[in-house]
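To start, the structure itself, in structure tokens.
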Amino acid sequence: MSDLTPQVRRRRTFAIISHPDAGKTTLTEKLLLFSGAIQIAGSVKARKASRHATSDWMEIEKQRGISVASSVMQMEYRDCVINLLDTPGHQDFSEDTYRVLTAVDAALMVIDAANGVEPQTRRLLQVCRARNTPILTFVNKMDREVQEPLALMDEIERELGMSVVPFTWPVGMGKRFHGVMDLRAQQMRVFSPGEDRKGADDEIIDGVNNPIYAERFGAEYEHARHDIDLVQTAAPSFDEAQFLGGHQTPMFFGSAINNFGVREVLDALVDLAPPPGPRLAIQREVQPDEAKFSGVVFKIQANMDPAHRDRIAFVRVASGHFERGMRLKVVRSGKELRPNSVVSFLSQRRELLDEAFAGDIIGIPNHGVLQLGDTLTEGESLQFTGLPFFAPEMFRSVEVADPLRSKQLKSGLTQLGEEGAIQVFRPVAGSLLLLGAVGQLQFEVVAHRLEHEYGVKARIQPSRFQVARWVTCDPEDGGAAELKRFIDGNSHRVAYDAVDAPTVLVEYAPELRAIEANWPKIKFHALREHAGLVFQKHLDT
């Protein structure tokens, strides 16, 4: 056992994922409340509300009541250090969510009990399943008229291809929601509404067959009792190996807005979610309790503090013991960093950090030295893999309304491109910058942030391009020389992205197929990893 093993075993690093409006950000708030990290939860309400979720810090998020950036929060609960990553639910920001999911060891899936499994949930689950990420499920909004619990359980199993093990079970719903039965502890927590209560004074009734239930809760209890008998007979028992492999999910019921059922989820995260495990680099497998520090940049956020024009690189610690002021090597560039103002997060609140261990998320302020996907070490040349960039599906040209603000436009787009919030392309021929995105809302957010964070009013116009593919060429096929020949011959439709990766842009898919046929030695990629342009897969159009 390493000296670092006890610290590693204390860590739990997980992301909260869901379809928009399932209550994910509200649940995030309540987990912070129950851990003691905050004293009052800012309700996620209409845009004129005076309080906003602690995890929603960007101005546009406060206006729209949605999350469009991932937030990171660290808290302590039951002698565990919990790193919680709240992700955007909106599908237009799925790239940010995919990258966040590379930095966690487990996920908490929030299901709206009225709507069941929704499209974005399905998409995010595919990413988790591809990485064998363990998943816990919280069925939210039981204080409303919702689907039957058995129907929800069946839908999750059918739609997501996972077996479900109920750890709690609801008694009633909507106005007749009486509470949840804890099937592990064999007791019932009686529901009482209220946003600011923390559950310490909740009424607890022992036993699952206590005669008092029928007296107090009547038909709702009888219905729940029948369901519980059924699931305890038919549902599989909890299997830790199946859970850790992402094939089985424990299920909890509650109402996040009323702080109900949250404590059971928090306890389950501590009891069930795995501590940090080994992480794969191109060179070797890195163990979390190794003596030497290593970490990977999975997110960059500009202007968390608009007054300081800062850029924070979010680093997932993969191994070792981080200490403030230590010498770190940026493997991609070979540059050395000695970060002295490293921070931990409670969303937009930051605290100076003296040390961190595997599983922790640290923030390193920098001015363009660090990029998405960068590996930091104490000297070893390692490159962690798996950070995805997807070819954009929508394109816009962008120019500044006031030519005197051109420098600010370029600076703003450079920083926003480094975040990965939008992809910025510089055409080989032509002066107008191009923006690429997965969804329309990304363009709206960029226009808003350019104006409010950089003082630039930008004209964002439709572009004729519809398809993008990164291009590479293997050394045995001519390598750099063949790639240069391709770029020179297609300069009217080639652009460079934020890391100078050449990209071909076309109007229609058949046009791309024709180019592929004419240039058989060139490879065309719909997905790339940042790692020195290591492409994860070659996707044919």
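Remember, predicted model here, so these are calculated numbers, not experimental data.
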Could you go through Q248 and D239, starting from their C-alpha distance and side-chain angles, then the distance that decides it, and tell me whether this counts as side-chain hydrogen bond (donor to acceptor under 3.5 Å, both in side chains)?
CA-CA 8 Å; Q248 189 184 77; D239 183 313; 5.9 Å; no

Is the shortest side-chain heavy-atom distance between L433 and F425 below 4.5 Å?
no

The test is side-chain contact (heavy atoms from CB on, under 4.5 Å); show your working for I312 and I364 and say whether it passes.
CA-CA 5 Å; I312 302 286; I364 301 181; over 6 Å; no

State whether K329 and E336 are salt-bridged, where the test is any N-O pair (Lys NZ or Arg NE/NH1/NH2 against Asp/Glu carboxylate O) under 4.0 Å.
no

Any idea which heavy atoms bring A318 and F384 closest together, and the distance?
CB-CZ, 3.6 Å

E476 and K521 ion-paired at < 4.0 Å
no

Mind running side-chain contact (heavy atoms from CB on, under 4.5 Å) on L136 and M109 for me, showing each step along the way?
CA-CA 6 Å; L136 294 95; M109 174 172 68; over 6 Å; no

May I ask you to test the M251-V165 pair for a side-chain heavy-atom distance under 4.5 Å?
no

Keeping the roles fixed (side chain from R338, backbone from R327), state whether a donor-acceptor pair exists under 3.5 Å.
no

Heavy atoms, side chains only, cut-off 4.5 Å: are V265 and F34 in contact?
no

How many angstroms lie between atom CG of N366 and atom NZ of K335, to the nearest 0.5 angstrom?
10.0 Å

Is any side-chain N of the basic residue among R10 and E76 closer than 4.0 Å to the acidic one's carboxylate O?
yes

Any I82 side-chain heavy atom under 4.5 Å of V270 side chain
yes

Hey, mind stepping through D105 and R12 against salt bridge (charged side-chain N to carboxylate O under 4.0 Å, His left out) and telling me if it holds?
CA-CA 7 Å; D105 304 304; R12 302 289 185 274; over 6 Å; no

With rounding to the nearest 0.5 Å, note down the distance linking CG in L328 to CG in L376.
5.5 Å

Do any N or O atoms from the side chain of D374 and from the backbone of Q371 form a donor-acceptor pair under 3.5 angstrom?
yes

Which atom names give the shortest non-hydrogen contact between A107 and I17, and what distance separates them?
CB-CD1, 4.3 Å

Can you measure from CG (L512) to CG (L505) and round to the nearest 0.5 angstrom?
10.5 Å

Side chains of L183 and T168, heavy atoms from C-beta outward: is any pair under 4.5 Å?
no

Please check if the side chain of Q74 supplies one atom and the backbone of N83 the other of a donor-acceptor pair under 3.5 Å.
no

I would like to know whether E380 and R284 meet salt bridge (charged side-chain N to carboxylate O under 4.0 Å, His left out); could you show each step before the answer?
CA-CA 11 Å; E380 185 180 357; R284 64 182 183 87; 2.9 Å; yes

Indicate whether the side chain of T377 and that of S294 have a donor and an acceptor atom separated by less than 3.5 Å.
no

Run the side-chain contact (heavy atoms from CB on, under 4.5 Å) check on R316 and T102 step by step: do they pass?
CA-CA 9 Å; R316 152 77 190 224; T102 68; over 6 Å; no

Judged by atom type as modelled, is there a donor-acceptor pair below 3.5 Å linking the side chain of D474 to the main-chain atoms of D477?
no

I135 side, atom CD1; C128 side, atom SG - distance, nearest 0.5 Å
4.5 Å

Using side-chain hydrogen bond (donor to acceptor under 3.5 Å, both in side chains), reason through T472 and H525 one step at a time and then give a plain yes or no.
CA-CA 8 Å; T472 60; H525 310 269; 2.7 Å; yes

Ion pair check, D289 and R9, cut-off under 4.0 Å:
no

Do you know which two heavy atoms are closest between V104 and A15, and how far apart they sit?
CG1-N, 3.8 Å

Heavy-atom distance under 4.5 Å between the side chains of V471 and K523, does that happen here?
no

For R485, is there an ion pair with E482 - N to carboxylate O distance below 4.0 angstrom?
yes

Between F252 and F138, is a ring pair (Phe, Tyr, Trp, His ring centres under 6.0 Å) present by the stated rule, with each step listed?
CA-CA 5 Å; F252 301 83; F138 179 70; 7.9 Å; no

Closest approach of V317 to G320 (non-hydrogen atoms, all atoms of both residues)
CG1-O, 4.4 Å

Within-4.5 Å side-chain heavy-atom neighbours: H247 and M162:
no

Reported OG-to-CG distance for the pair S333 and L370, which is rounded to 0.5 angstrom:
8.0 Å

Please indicate whether D3 has more than 12 foreign heavy atoms, meaning atoms of other residues, nucleotides or ligands, lying under 6.0 Å from its CG.
no

For W470, does its backbone N or O pair with a side-chain atom of T503 as donor and acceptor, under 3.5 Å?
no

Side-chain touch Y77/L269, heavy atoms, less than 4.5 angstrom:
no

All heavy atoms of V297 vs all of A313, minimum pair found to be CG1-CB, 4.1 Å

To the nearest 0.5 Å, tell me how far F395 CZ sits from Q423 CD.
8.0 Å

Assign the ring pair F486 / F524 to parallel, tilted or perpendicular, where the plane angle (0 to 90°) is split at 30° and 60°.
perpendicular

Between F243 and F238, what is the ring plane arrangement, given parallel below 30°, perpendicular above 60°, and tilted in between?
tilted

Is the side chain of E290 donor-acceptor paired with the backbone N or O of Q287 at a distance under 3.5 Å, no angle test?
yes

Take H321 and F357 through the test ring pair (Phe, Tyr, Trp, His ring centres under 6.0 Å) and record every step on the way to the result.
CA-CA 5 Å; H321 179 200; F357 300 89; 4.6 Å; yes

CD of E159: more than 12 outside heavy atoms within 6.0 angstrom?
yes

Test D360 against T13 for side-chain contact (heavy atoms from CB on, under 4.5 Å), laying out the working first.
CA-CA 7 Å; D360 287 342; T13 304; 5.7 Å; no

Grab the two heavy atoms, one from L483 and one from P502, that are nearest each other, plus how far apart they are.
CD2-CG, 4.1 Å

Taking it one step at a time, do D497 and R426 satisfy salt bridge (charged side-chain N to carboxylate O under 4.0 Å, His left out)?
CA-CA 6 Å; D497 73 359; R426 305 184 321 278; over 6 Å; no

